[in-house]
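See structure below.
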Amino acid sequence: MSIQTEHAGLPDPARPDVAVVRIRRGDGEPAFLTGHRAPTPWPEGLLSFTGYTSENGWFSYEQWAIEPEPDGSEFRLYRSGTRPGAPVPGCIVLVSVEFDGPDEARLKRWVDLVFEALGDERTPHPGGISAHFHLSEDGTRIANYAEWRSAADHIDALESSGRGTVGKSPKFEEVKAFPGVVASDVQRFRPVVHRTAEHPKES
């Protein structure tokens with residue numbers, strides 16, 4: 001298996017055999033760029049590892065079939081939505097939302113409100129492909145792994161809405177004003193490393 005730095009493979013965030021997802025972020029050059037390496041030796045229970053970079057940093061996305069040793073980066077997929085007949089993603093958008101305290105039920109209400117807002121869109125932006133909302137194990141954070149046709153499409157969606165959201169539905173104002181949110185961040189990335197348990201090494 002070969003790895004291409006411009007168009008590495010992508011995981012399936014909705015695969016049913018995933019128990020836990022680890023999402024890590026950082027600045028500078030990540031270790032996985034050195035020879036395009038994934039974890040060595042390959043840990044038991046790790047299904048896939050994908051590394052992403054942008055102009056402002058990096059993040060890694062690990063899918064586990066078992067509970068790994070906790071380190072604060074653990075999330076569980078709560079809810080997904082994918083456009084029928086969607087094209088291959090050209091950009092991954094990571095949306096991070098942090099709340100003022102642990103409350104898993106509140107995180108779920110926020111995600112459900114986002115889906116209501118998306119459902120109210122008369123004409124969804126054609127560049128949007130999917131959204132996969134993960135809840136942190138400590139109940140304070142949400143990570144939306146969103147697939148887009150291109151970075152330009154995502155930028156256009158934010159700008160054309162006139163409010164910095166990916167849609168024009170009035171419910172997006174409720175999302176922005178949701179109580180308890182203390183920080184949020186949106187970054188666009190491209191995949192550079194992808195490994196699976198079946199193919200853990202570059203060949």
Side-chain angles (χ1 to χ4, degrees), residues 1-15 18 21-33 36-38 47-63 73 75 77-98 110-111 114-115 117-119 121 123-135 141-169 172 175-176 183-196:
M1 182 181 71
S2 62
I3 292 297
Q4 299 177 350
T5 59
E6 292 299 325
H7 300 285
L10 289 169
D12 174 8
R15 63 182 291 179
V18 175
V21 172
R22 273 181 169 167
I23 300 175
R24 297 187 176 100
R25 292 187 60 177
D27 301 318
E29 183 171 290
F32 61 71
L33 275 186
H36 308 299
R37 294 185 293 106
L47 297 172
S48 76
F49 174 94
T50 313
Y52 309 77
T53 62
S54 74
E55 294 180 355
N56 301 314
W58 59 270
F59 88 95
S60 60
Y61 186 89
E62 303 174 8
Q63 296 178 304
S73 66
F75 289 78
L77 181 65
Y78 167 56
R79 190 170 176 182
S80 293
T82 301
R83 193 179 91 198
V88 175
C91 175
I92 301 301
V93 178
L94 184 66
V95 182
S96 304
V97 184
E98 184 176 352
W110 187 91
V111 173
V114 172
F115 272 90
L118 291 170
E121 284 295 298
T123 307
H125 194 284
I129 295 175
S130 70
H132 306 274
F133 290 86
H134 303 69
L135 312 182
R141 292 165 292 150
I142 295 170
N144 174 22
Y145 178 105
E147 297 173 313
W148 282 76
R149 187 171 56 188
S150 68
D153 279 320
H154 182 248
I155 293 170
D156 181 66
L158 296 177
E159 293 179 348
S160 63
S161 72
R163 57 175 62 130
T165 59
V166 296
K168 302 177 182 179
S169 164
F172 277 110
V175 173
K176 293 176 66 175
S184 62
D185 181 65
V186 179
Q187 295 287 338
R188 289 174 288 273
F189 296 87
R190 64 182 179 90
V192 293
V193 178
H194 180 62
R195 297 279 189 269
T196 65

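Sequence positions, counted from 1, serve as the residue numbers for this chain.
At a threshold of 4.5 Å between non-hydrogen side-chain atoms, the residues Val166 and His125 do not count as touching. Between Thr53 and Leu33 there is a side-chain heavy-atom pair separated by less than 4.5 Å. Annotation: side chain of Ser73 is not in contact with side chain of Glu62 (no heavy-atom distance under 4.5 Å). Between Ile129 and Pro87, some side-chain heavy-atom pair lies under the 4.5 Å cut-off.
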Test log, rule side chain to side chain contact (heavy atoms under 4.5 Å, CB included), inputs Arg188 and Ser54: CA-CA 7 Å; Arg188 289 174 288 273; Ser54 74; over 6 Å; no
Verify side chain to side chain contact (heavy atoms under 4.5 Å, CB included) between Arg25 and Asp185, making sure each step is shown before the conclusion. CA-CA 12 Å; Arg25 292 187 60 177; Asp185 181 65; 2.9 Å; yes
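Note that the NE2 atom of His194 and the OG atom of Ser48 stand 5.5 Å from one another [nearest 0.5 Å]. Note that CD of Glu147 and NE2 of His154 are 13.0 Å apart. Values are rounded to the nearest 0.5 Å. The distance from atom OG of Ser184 to atom CG of Asn144, rounded to the nearest 0.5 Å, is 12.0 Å. In this structure, SG in Cys91 is found 8.0 Å from CD1 in Ile155, a value given to the nearest 0.5 Å. With rounding to the nearest 0.5 Å, the separation of OG in Ser80 from OH in Tyr145 is 11.0 Å. The line from CZ of Phe32 to OG1 of Thr50 is 9.5 Å long, rounded to the nearest 0.5 Å.
Using cut-offs of 30° and 60° for the angle between ring planes, the Phe59 and Tyr52 rings count as parallel.
Under the side chain to side chain contact (heavy atoms under 4.5 Å, CB included) criterion, Asp27 pairs with no residue, sequence neighbours left out.
Proximity of the aromatic rings of Tyr61 and His134 is defined here by a centroid distance below 6.0 angstrom, and this criterion is met.
The cationic atom of Arg163 (NZ for Lys, CZ for Arg) does not lie both less than 6.0 Å from the six-membered ring centre of Phe172 and within 45° of the ring axis.
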